[in-house]
Every structure is written in C-alpha cells, then in structure tokens.
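Just below is one structure, and these are the notes that go with it.
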There are 2 protein chains.
Amino acid sequence: METKESIIVESRNFFGTFGYEATSMSMIAEAVAIKKPSLYSHYKSKEDIFKDVLDKEMQDYIAHLKSVLNDNQKRVMEILHDLMKTMSLDSTGDASADFYYRYARYQPQELKDYIMERYTESENTARVLFDDIIERGKREGEIDAELSNAQIYSTYFLLLDGLAVTPDFYGKTYQEGEFDRVWEVFQRGIRPASV
Amino acid sequence: METKESIIVESRNFFGTFGYEATSMSMIAEAVAIKKPSLYSHYKSKEDIFKDVLDKEMQDYIAHLKSVLNDNQKRVMEILHDLMKTMSLDSTGDASADFYYRYARYQPQELKDYIMERYTESENTARVLFDDIIERGKREGEIDAELSNAQIYSTYFLLLDGLAVTPDFYGKTYQEGEFDRVWEVFQRGIRPASV
DNA sequence: GTCTATACGGCGATAGAC
DNA sequence: GTCTATCGCCGTATAGAC
C-alpha cells in the first residue's frame, strides 16, 4: 500500500475511535511506520489529513448506499431491513461507521464549517436515493401511501443512527436482539393500514 | 453562586459543547473569572472536575425522568409524547442534554471505565422506570401487549437519542417538523392492532 | 520522501507569597 | 482561596542533510 493511502486508513481509524483532538501526529506516524516529520511530505497539516479522510468517507458512504438501494431484485422492505441490520451489527468496530457517525454530531471547532458542508451534501444525496426507494415501496404496496416520505426517512435514519452508535450498556445478548425488536416496531409503523 | 458550583456549570457547558480534550483549564478559569491555578484549590485535576460534572448530570437526568414518568394524571402515550417532544426541541443548545448524549457514546480513553460504569447504572435505573410506565400503557390499552417491553424501550430510546443529538443538516423548518413525523410512525408501531 | 534535530506554544499541574 | 511565576511535557510544525 502506498504511504499516502496508509496515512488515510490509519488516520481514519484513530479519528473515528479516539476523536480528532485525541489523535496525534505521532500516533499516525507510528501506525504508518514512518517518523512524524515524514507525514508533512504528504500533508501540510493535521487538518489537511482530516479533510482528506472525510472526503473519502463521504464518497464511500454514498457509493455504498447506491449499491444497496438500487437492487431491483429485492423488495423494498427487504432492502431497508438488510441495510439496517448490516448497520446495526457490523458497525461495532467498523472504522468507517465510527468515523461517519462521530463527525456527523461532533465537530472540532476549527473544522466545523468544512465538515458541516460535506455532511449536508452527503445527506442531501442520501435523501434523493431514499425518496426513490420509498416511492417504489408505496407503489408496490409495502409502505402506507398516507405517510410522507419525510416521515419514513426521518424515522428510519434516526433508528439507523441510533443502532450504529449505541454503546452496549446491556451486554452482547441484549444488543444482538435489539435490531429485531426495533425493526418490528418500525415495520408496524409504516405498513399500509389494511394489511 | 459558589465558586465550586460555577466551575461545575461552566465545565459542563464546555465539555458538552467542545468535548473533554478541546476544553482547557484556561477556558474554565476564564469563564469562572478566576485564574487557572485557583481551580486547583477546588479540584486536584481536570479529570476530577469531569467526574464531578458527570455524577451531577446523572443524578439530574434520573431525577428528571422520575418526575416526568410518574405523573399519574396523564395518559401513558401523552407522557411519552411530551418527553420526546421536550427532548427534541429543548435539546438544541441544552447544555445538560449535550453533555449526557456526548459521553454516552464517546469517552476519553483515560475516563472510559469510570464513565461507562456511571451510564450503565443510569440506564439500568431508567429501564426500571420505563418498565413501569410501559406496563401501565399495556394495562390501559394504549400499547399493544403483544410487544415486549424491550421492544418499546429500545425503539423509544433510539428515537429519543436521535432527536436529541441530530444536527440540523436541513435547516430549522425541517427540524421543527421532525418530531411530529417520527412520533406518528412510533405511535402506529406500538398501538394495539385492533384500534 | 525519509530522516535527525529543533523551534515554539499551550497544556496540566505545582510552588509559594499574600 | 486567590494570586504570580514557573515547571516539564507533548502537541503541531519546520529546517536542512541524505
């Protein structure tokens, strides 16, 4: 792997796990197996590394959503189910998810504007993708057409975020069942009334 | 206000808004209007300030929940509705909520064990309080008795957390409507089938 | 592009006078 | 309990040889 690639990967892991301030250039350098000053041959500052990591994560996130949501072989509720399940199970220890959800909520002051712009772009794109699939769900009778797309979208994303970042206060067994419990309530909440 | 009280309040605001690492003893001292070394007459370290803030927030959180949940004048769904609404609207800029939700998910390494213990205690207490009210909701026909308490609890808390901490990517108007949209889906998801 | 050496600043924390 | 002065450390970042 190229040195620059390695810097991105290791930095993302540290930023996601420990946060921006708690991640030092020394930690990154050690993980990449070079000396600290060598980092500055690739990036002019710690902020610049962060921005590069962020841009890459945004691209990957959208690419992932597109590939999952545009599967016309599957029924809509199956797609939404599988996506939520993946998020809730894989996310513990998933470096990309850790990173994505952390900086959606908590931005270092000096990077706040930059970060918020990127998330706004990303969430707007995600919204369009979801509008399409929700519309399909309504047409095919899986989702109650009385509900607005915004309703489905808001609720689904709140649950998704929650599942992705909730720490396990209650232990492993509880957490494994959490997705199924939550999914049932969501599914009851959006199904057509007459079914 | 006593100096020590003031330290707690200002520290909580900074810790909640900017995070533990991004909050310096100088910032706290300036906000309290004393010099930095004077802080050490009240606390022996930054970690100690944090622990005191955390303990206090936990107590307040549980006290708040108790007072809201044990209102037998109100119907169960009304209580759950009002609590979620308060969280979703007041929480933007509510220093206590900012603090509580931030450290539930992200702990500085050196304080991790201490923080997790406190949250586990707090969440276990919250769970008992919710079990009671959910049982009441089932008895009084507002909640489908087919669903487990864990289901209601998990889903409700995921939504609550989400509403409390979601940043406004979409602007003010969108955010104001978010609570109502989410509440309807939740309410449809847990109501008895025959109603 | 990588290294050794180093600058400079802010951090948490302490000493000791008042 | 509050202050001024200061310590030691580690952070980001740079200079300059190879």
Side-chain angles (χ1 to χ4, degrees), chain A residues 1-57 99 102-103 106-115, chain B residues 1-57 99 102-103 106-115:
Chain A
M1 186 158 45
E2 296 286 321
T3 303
K4 194 158 180 172
E5 272 181 78
S6 176
I7 293 172
I8 292 290
V9 171
E10 301 297 342
S11 299
R12 182 203 57 196
N13 294 348
F14 286 130
F15 287 148
T17 307
F18 303 116
Y20 181 77
E21 296 89 349
T23 299
S24 71
M25 297 297 269
S26 323
M27 291 163 69
I28 299 170
E30 193 184 343
V32 176
I34 57 176
K35 299 297 172 186
K36 188 169 59 165
S38 304
L39 290 172
Y40 291 89
S41 298
H42 301 273
Y43 289 98
K44 80 178 219 303
S45 68
K46 186 179 167 183
E47 285 193 22
D48 270 32
I49 297 180
F50 184 90
K51 288 178 182 173
D52 218 14
V53 172
L54 181 69
D55 292 351
K56 190 171 173 310
E57 288 305 309
F99 184 95
R102 179 188 279 263
Y103 296 98
Y106 303 110
Q107 307 90 26
Q109 208 61 11
E110 65 271 32
L111 285 159
K112 183 162 187 169
D113 291 347
Y114 187 89
I115 295 174
Chain B
M1 184 157 46
E2 295 286 320
T3 303
K4 195 159 179 171
E5 273 180 78
S6 176
I7 294 173
I8 293 291
V9 171
E10 302 296 343
S11 299
R12 181 202 59 196
N13 295 348
F14 286 129
F15 287 148
T17 308
F18 303 116
Y20 181 77
E21 296 89 349
T23 299
S24 71
M25 296 298 267
S26 326
M27 290 163 70
I28 299 170
E30 193 183 344
V32 176
I34 58 176
K35 299 297 172 186
K36 186 170 62 162
S38 304
L39 289 172
Y40 292 89
S41 299
H42 302 274
Y43 289 98
K44 78 177 220 303
S45 67
K46 185 180 168 184
E47 286 193 20
D48 270 31
I49 297 179
F50 184 90
K51 287 178 182 172
D52 218 14
V53 171
L54 181 69
D55 293 351
K56 190 171 174 310
E57 289 304 310
F99 184 94
R102 180 189 279 263
Y103 296 99
Y106 302 110
Q107 308 89 25
Q109 209 60 14
E110 66 271 33
L111 285 159
K112 182 163 188 169
D113 291 347
Y114 186 88
I115 294 173

Letter per nucleotide, 5' to 3', of nucleotides 12-18 of chain C [B base touched, S only sugar-phosphate touched, - untouched; heavy atoms, 4.0 Å]: BBBB---
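- By the side-chain contact (heavy atoms from CB on, under 4.5 Å) test, B/S41 is found to be paired with no residue, residues two or more places apart in sequence or in another chain being considered.
- A search for side-chain contact (heavy atoms from CB on, under 4.5 Å) contacts involving A/E30 returns nothing, not counting sequence neighbours.
- Regarding A/F50, its CZ atom lies at a distance of 17 Å from the C1' atom of D/dT12, rounded to whole Å.
- Listed by chain and number, the residues in a side-chain contact (heavy atoms from CB on, under 4.5 Å) with B/K44 are B/D48 (sequence neighbours excluded).
- Between A/Y103 and A/F50, the ring centre distance stays below 6.0 Å.
- Atom C1' of nucleotide C/dG1 and atom CD of A/E5 are separated by 16 Å, given to the nearest angstrom.
- In terms of phosphate contacts, B/S38 brings a side-chain nitrogen or oxygen within less than 4.0 Å of OP1 or OP2 of D/dC3.
- Residues passing the side-chain contact (heavy atoms from CB on, under 4.5 Å) test with A/E10, sequence neighbours excluded: A/S6, A/N13, A/A31, A/V32.
- Put simply, CD on B/E30 is 14 Å from C1' on C/dG10, counting in whole angstrom units.
- Put simply, CD on A/Q109 is 17 Å from P on C/dG10, counting in whole angstrom units.
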Donor-acceptor pairs are to be reported for all side-chain atoms of residues 18-27 of chain A against protein atoms at under 3.5 Å, with residues two or more places apart or in another chain.
residue : atom : partner : partner atom : Å
A/Y20   : OH   : A/E47   : N            : 3.4
A/T23   : OG1  : A/F14   : O            : 3.2
A/T23   : OG1  : A/G19   : O            : 2.7
A/S24   : OG   : A/S26   : N            : 3.4
A/S24   : OG   : A/M27   : N            : 3.2

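- We find that NZ of B/K35 is positioned 13 Å from P of D/dT2, with the value rounded to whole Å.
- At least one side-chain nitrogen or oxygen of B/T3 sits closer than 4.0 Å to the OP1 or OP2 atom of D/dT2.
- Between B/Y43 atom OH and D/dT2 atom C1' there is a gap of 17 Å when expressed in whole angstrom units.
- Taking atom CE of residue A/M27 and atom P of nucleotide D/dG11, one finds them 9 Å apart after rounding to whole Å.
- Atoms CD1 (A/I28) and P (D/dA13) sit 10 Å apart, rounded to a whole Å.
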